[in-house]
Amino acid sequence: MTPEGLPTVFVIDDDAAVRAAIQGLLKSVGLQSESFGKPREFLSRKLPDGPSCLVLDVRLPGVNGLDFQRELAQQGFRIPIIFITGHGDIPMTVKAMKLGAVEFLTKPFRDQDLLDAINQALDRDRVARQQQSNLAELRKRYEALTAREREVIALVVSGMLNKQIASELGTSEITVKIHRGHVMRKMQAESLAELVRMAAKLELSPDKT
C-alpha cells in the first residue's frame, strides 16, 4: 500500500514487460506506482488520499481503453488518464482527449514524454483535489446557516439592497442587516465580492435555498 498523501501512478497494461518497464522508470524518479494486468483489478482498488493518475493501455483483453475511461467516469472515479498504445490513430486520440485524457502516447515513446505527462496529470489531480476540498469547506459553512440566513445570502448575491430584501422577506431592514452580518461571519467572507464568488461556487440562487 502507498503511504497516505504521496502521489501514486497506476498502470494498467496486459503486457507484464511493459508494466515492469514503466514501474522501473517511475521508481527511478521517486514515484510510487501500482500495476494491474486487467482493468477489473484496478476497479477493486480504493483510490488513495494523495494525488494519483492512471497510465492506461488502449487495447486490453476484453475491453477497450476508451470504453473503460467512460466507465470510470460513470462510476465516479475522477482520475487523470494517460493513454499508451501501439496502434494509435488520430480519431482515437481526439476521442480520448475529448473525454478528458491528459495525453495519448504511441509506443515506442520517450521516457521523458511519459514522465512529463504523468507530472502534468498529478498536478491536475492536486488542483482538482484542492478545489474539492475548498468546495466541501464552503458547503460546511453554508450548512451552518439558518434557513432565514440562507434566504438572505441568496437575495444579497442576486444584487438586492437591504431595503429590497426586507420587503421580499416581510421583515425590517435592521433585521436584514443583522442576518447579513451573521452570513458574512459564518461564511468567512471579507467582502460582498467574496461572498458572491462563494455563492457562485455553491450555485446558489433565490430558488435554491
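It should be emphasised that the depicted structure is a prediction, and the values quoted were computed from it without experimental measurement.
- If you check the side chains of Gln120 and Asp116, you find no donor sitting under 3.5 Å from an acceptor.
- Checked by atom type and distance alone, the side chain of Asp113 never pairs as donor or acceptor with a backbone atom of Phe109 at under 3.5 Å.
- In this structure, the ring-ring contact (aromatic ring centres under 6.0 Å, His included) partners of Phe10, at least two apart in sequence or on a different chain, are Phe42.
- Judged purely by atom type and a 3.5 angstrom limit, Gln164 uses its side chain to pair as donor or acceptor with the backbone of Leu161.
- Note that CG of Leu66 is 9.0 Å distant from OG1 of Thr85, once rounded to the nearest 0.5 Å.
- In this structure, Glu41 does not pair ionically with Lys38, as no charged nitrogen and carboxylate oxygen lie closer than 4.0 Å.
- Put simply, the side chain of Gln69 never gets that close to the backbone of Gly65: no donor and acceptor are under 3.5 Å apart.
- The hydrophobic cluster containing Ile79 does not contain Leu122, counting ILVMFWY residues as joined when their side-chain heavy atoms lie under 4.5 angstrom apart, directly or transitively.
- In Lys107, the NZ atom is crowded: over 12 heavy atoms of neighbouring residues, nucleotides or ligands sit closer than 6.0 Å.
- Gln75 meets the side chain to side chain contact (heavy atoms under 4.5 Å, CB included) test with Leu43, Glu71, Phe77; sequence neighbours excluded.
- Salt bridge Arg129/Asp125: present, at least one basic N to carboxylate O contact under 4.0 Å.
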Quiz: residues 175-183 side-chain donor-acceptor pairs under 3.5 angstrom, not counting sequence neighbours:
from	atom 1	to	atom 2	distance (Å)
Thr175	OG1	Ser172	OG	2.7
Arg180	NH1	Asn162	OD1	2.7
His182	ND1	Glu149	OE2	3.4

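- Under the 6.0 Å distance and 45° angle rule, Arg150 counts as a cation-pi partner of Tyr142.
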